[in-house]
Amino acid sequence: MKQHLAELLQQAVDRLKTDGVLPAGQPVEIGLERARDHRHGDFASNLALTLSKVARRKPRELAEALVAALPESDQVDRVEIAGPGFINFHLSPAAWYAVVGTVLEAGDAYGRSELGGGRPVQVEFVSANPTGPLHVGHGRGAAYGATVADLLEAVGYRVHREYYVNDAGRQMDILAVSVYLRYLDLCGEDVPFPSNGYQGDYVWDIGASLHRRRGDALRHTAAELLEGVPPDEPAGGDKEAHVDGLIARTRALLGEAHYREVFDLGLESILDNIRRDLEEFGVVYDEWFSERSLTESGAVDRAIERLKAGGHLYEKDGAWWFRSTGFGDEKDRVVVRENGQTTYFASDIAYHMNKLERGYERVIDVWGADHHGYVPRVKAALEALGDDPSKLDVLLVQFAILYRGGQKVQMSTRSGEFVTLRELRHEVGNDAARFFYVMRKCEQHMDFDLDLAKSQSADNPVYYIQYAHARVMSVMRQLEEKGMTWDAAAGAAGLPRLTEKHEQSLMVRLSRYPELVEAAALNHEPHLIAHFLRELANDFHTYYNAHQFLVEDAELRNARLNLIQATRQVIANGLGLLGVSAPERM
RNA sequence: GCCCCGGUAGCUCAGUCGGAUAGAGCAACGGCCUUCUAAGCCGUGGGUCGGGGGUUCGAAUCCCUCCCGGGGCGCCA
C-alpha cells in the first residue's frame with residue numbers, strides 16, 4: 001500500500017520535472033509515512049516541504065502542483081493539503097479489505113519476511129558465569145536476547161543462538177572451593193566458610209551430591225586445608241588473599257585430577273540447572289560455547305600471536321599489554337599476566353575472532369549494562385586483528401530492579417541473597433515474565449513490579465492481550481451452540497460490508513503488523529511488538545463491545561468472523577514472537 | 001575526574017532516526033452486564049517533554065552547556 005502511494009508520488013514528481021517546475025536530474029527521496037493522527041488521513045508525505053528549497057516555491061504551492069499531477073487510483077479516496085504543506089492521503093475502505101485475506105491465507109507466516117535473505121547472524125546472550133542459578137537480572141537478558149533472535153529469524157536471517165560458558169577462571173575456582181568446603185562440612189570437618197565464597201544453598205546441594213558419590217574419599221582435615229592460608233577478612237586479613245590461599249591449598253591437597261572432579265561437578269550441576277531453567281522459559285540455544293575450549297584448541301595463543309605479529313602487544317612490568325589506546329580505548333589492557341596466565345580479555349579476543357572466522361555477517365552480543373566499558377576494547381581487538389569491528393553489535397541491557405510490596409529487593413550473588421529467575425517464573429508465570437521483560441526498551445532501566453506481574457487483573461497488559469485472543473476463540477465456540485456457521489469464502493466476498501469505524505481501524509492495524517516486525521527486528525526493539533499488541537487488543541475489545549459478531553445476516557456475520565479470525569491470528573503471531581502463549585480460553 | 005544509560009501526566013512508560021493540537025496504561029472521577037467471557041467498553045480531568053542557549057519553514061527528537069538519578073572505570077570474570 002505504502003509502495004503504491006510512493007509510486008504515485010514518484011510519477012507526480014516526474015511530471016513536474018518534465019514541466020520544469022522541479023529541476024531535472026537529481027533523484028528525490030519520497031518521504032511517506034503513516035499519519036500519526038487519523039484526521040490527517042492514512043498516509044502523509046512531507047515531499048512539498050523538503051522540495052520547496054530546490055524548487056524555490058512555497059511548500060503549499062508546490063503541494064498543490066504535486067497533487068494536481070498525481071495520477072488517479074481506486075485505492076485513494078481523496079488527497080488533502082494540510083498544515084505547512086503536508087500531502088495527506090485518505091484511502092478508500094476497499095484499500096484495507098485485502099489485508100484480512102492476506103492474514104488468513106498466510107496464517108502463522110503473516111508478518112514474516114525474507115528481508116534477511118538467509119544471511120547468517122549470531123546472537124550471544126545471557127552467558128552468565130556458571131557459579132550459581134540465574135537470577136532475575138539474567139532473566140531480562142534471556143527474554144530480550146531470545147526475542148531479538150526470534151525477530152531476526154522472522155525477517156529471514158539464519159540465526160545462531162549461543163551461550164558463552166565461562167568455565168575457566170578464578171570465579172569458577174572459588175565455586176569449586178565453596179563446594180569442597182560444604183563437602184568437608186558434611187564429612188564432619190569444621191572449616192570456617194570464607195566470606196568471599198559462594199554461600200547459596202545450591203552449593204550445599206552440590207557438596208552433598210559430591211559426598212553421596214565419593215563418601216569421605218576426598219576428605220582432608222580443616223587444619224591441613226588452612227595450613228599457610230592467610231586470614232580471612234573478619235579475622236583481620238584480606239578476603240581475596242584468603243580465598244586464593246584456599247584455592248591453592250585445595251588444589252595441592254586434592255591433586256589436579258580430583259580437584260578437576262570437584263570443579264567439574266560444580267560446573268555441570270549449575271550448567272544443567274541453567275539449561276533447564278532457560279528451556280522452561282522458552283529460551284533455547286544452538287550452541288553452548290566453552291571458554292576453556294578456546295585455550296585447549298590454541299585459539300587464545302593464536303589470537304595473541306596474531307596481535308604480536310601485528311605489533312599491537314608490548315611487554316611491561318612482566319606482563320603483555322594490548323595497545324588498545326591505538327584504537328580508541330581509554331587505556332591499554334593486559335592480555336598475559338605477570339604469572340604467565342592469560343586474562344579473561346584474552347579469551348574474549350579469541351572468542352570474537354572465532355565468531356568472525358565462522359563467517360557471520362553480523363555478530364550480536366547482549367550484555368548487562370555494567371559491561372559497557374568493555375565494548376571499546378573488544379572492538380579495538382577486532383580492528384587490530386584486521387577484522388571489521390562494525391560487524392559486532394553490542395546490545396547493552398540495563399538492570400531490572402525488582403520491587404515487592406513497593407520495596408526494592410536487594411540482591412547479591414555471592415551472599416546468596418537474590419531472587420532466582422526460577423522463583424520469578426513460578427511466582428508470576430512464564431508468560432508474564434517474558435512479556436514484562438521485553439515491554440521496555442533495553443536501554444531503559446526497568447522497574448519490575450512483582451505484585452503487578454502476578455496480579456491477574458486488568459492492570460496486567462499480558463492478560464489483556466491474551467484475553468482478546470481467548471475471546472475470539474470463545475466466539476467461535478458460541479457459533480456452534482447457536483447453530484450458526486462460518487464460511488470463510490463467503491466472508492471474503494462480504495468484506496465490503498465492513499464499513500464500521502471500528503472495523504476499518506482494526507484492518508488498518510492488522511496491515512501495520514509486518515512493518516512493525518521489521519522495525520522491531522532491525523532495531524532490536526521487541527517492545528514495539530508488545531506495544532502494538534496492546535493496541536491491537538484494544539481495537540478488538542472496543543469492536544467487541546460495540547458490535548455483535550454472531551448476527552443473523554450471514555454475509556455480514558461471515559465477513560466479521562473473517563476479520564476477528566485475522567485479528568486472532570495476528571495476536572497469536574505477535575505473542576509467539578515474544579515467547580508468550582495464546583490461550584484458547586481464560 | 002572520565003565513560004555509558006536515563007530524566008516526557010500523580011505512578012510506570014511510548015513517541016515510527018526533524019513534522020501538524022505530545023500519546024498509552026495504571027491511579028482518580030462518572031457511566032455501560034436479561035445480548036458472542038465486565039480479565040471488557042465509553043467518557044472526564046491531568047504537561048514549562050529536567051533547566052538554559054543554538055541549528056531551521058518546523059525540535060521531546062539534532063548540537064553545546066549545566067543540573068539530577070542509575071551504572072562502569074582491576075595483571076577479577
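Chain naming here is simple, since letters A, B, ... match the order of the sequence lines and numbering starts at 1 in each.
With sequence neighbours left out, the side chain to side chain contact (heavy atoms under 4.5 Å, CB included) criterion links A/K501 to no other residue. For A/S290, the side chain to side chain donor-acceptor pair (under 3.5 Å) criterion is met by A/D167, not counting sequence neighbours. With sequence neighbours excluded, no residue forms a side chain to side chain donor-acceptor pair (under 3.5 Å) with A/R477. In this structure A/E80 satisfies the side chain to side chain donor-acceptor pair (under 3.5 Å) test together with A/R78, A/H90, sequence neighbours excluded. Every residue two or more places apart in sequence or in another chain that forms a side chain to side chain donor-acceptor pair (under 3.5 Å) with A/D264 is listed here: A/R292.
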Does the salt bridge (Lys or Arg N to Asp or Glu O under 4.0 Å) test come out yes or no for A/K355 and A/E162, once each step is laid out? CA-CA 10 Å; A/K355 287 185 182 195; A/E162 194 159 307; 5.7 Å; no
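Remark: RNA chain B forms stems of 3 or more consecutive Watson-Crick or G-U wobble pairs, all pair distances under 3.5 Å, at B:1-7 with B:67-73, B:10-13 with B:23-26, B:28-32 with B:40-44, B:50-54 with B:62-66.
Residue pairs that meet the salt bridge (Lys or Arg N to Asp or Glu O under 4.0 Å) test with at least one member in residues 545-570 of chain A, sequence neighbours left out, are A/R497-A/D553, A/R497-A/E555, A/E503-A/R560. For the salt bridge (Lys or Arg N to Asp or Glu O under 4.0 Å) condition, the pairs that include at least one residue of residues 535-546 of chain A, sequence neighbours left out, are A/R509-A/E535, A/R509-A/D539.
With centres under 5.5 Å and a plane angle under 30°, the ring of A/F86 is stacked against the base of B/A20.
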B/S/- along nucleotides 6-11 of chain B (protein heavy atoms under 4.0 Å) is S-----
With B for base contact, S for sugar-phosphate-only contact and - for none (protein heavy atoms under 4.0 Å), nucleotides 72-77 of chain B reads SSSBBB
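Aromatic pair A/F289/A/Y351: ring centres closer than 6.0 Å. Here A/Y513 and A/F532 bring their ring centres to under 6.0 angstrom of each other.
When the P atom is used for both B/A22 and B/U61, the distance is 14 Å, rounded to whole Å. Taking atom P on both B/C42 and B/G72, the two are 44 Å apart, rounded to the nearest angstrom. Here the separation of B/U44 from B/U56, taken at their P atoms, is 40 Å to the nearest Å. Nucleotides B/G30 and B/C13, compared at atom P, are 29 Å apart to the nearest Å.
Residue A/Y463 places its side chain closer to B/A39 than to any other of B/A14, B/G19, B/A39. Closest to the A/N545 side chain, of the nucleotides B/G40, B/C36, B/C42, is B/G40. Nearest nucleotide to the A/R471 side chain, out of B/A20, B/C41, B/A38: B/A38. Nearest nucleotide to the side chain of A/H531, out of B/C41, B/C13, B/U35: B/C13.
Using modelled atom types and a 3.5 Å distance limit, the side chains of A/H524 and A/D393 yield no donor-acceptor pair.
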What nitrogen or oxygen pairs link the protein and nucleotides 58-60 of chain B at under 3.5 Å?
| unit_1 | atom_1 | unit_2 | atom_2 | d |
| --- | --- | --- | --- | --- |
| B/A60 | N6 | A/R36 | NH1 | 3.4 |

Expected list for residues 327-337 of chain A: side-chain donor-acceptor pairs under 3.5 angstrom, two or more places apart:
| unit_1 | atom_1 | unit_2 | atom_2 | d |
| --- | --- | --- | --- | --- |
| A/D329 | OD1 | A/R333 | NH2 | 3.2 |
| A/D329 | OD2 | A/S324 | OG | 3.0 |
| A/D329 | OD2 | A/R333 | NE | 2.9 |
| A/D329 | OD2 | A/R333 | NH2 | 3.4 |
| A/D332 | OD1 | A/S324 | N | 3.3 |
| A/D332 | OD1 | A/T325 | N | 3.1 |
| A/D332 | OD1 | A/T325 | OG1 | 2.6 |
| A/D332 | OD2 | A/Y314 | OH | 2.6 |
| A/R333 | NE | A/K331 | O | 3.2 |
| A/R337 | NH2 | A/Q341 | OE1 | 3.1 |

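Taking atom CG on A/L62 and atom C1' on B/C57, their separation rounds to 13 Å, with Å as the unit.
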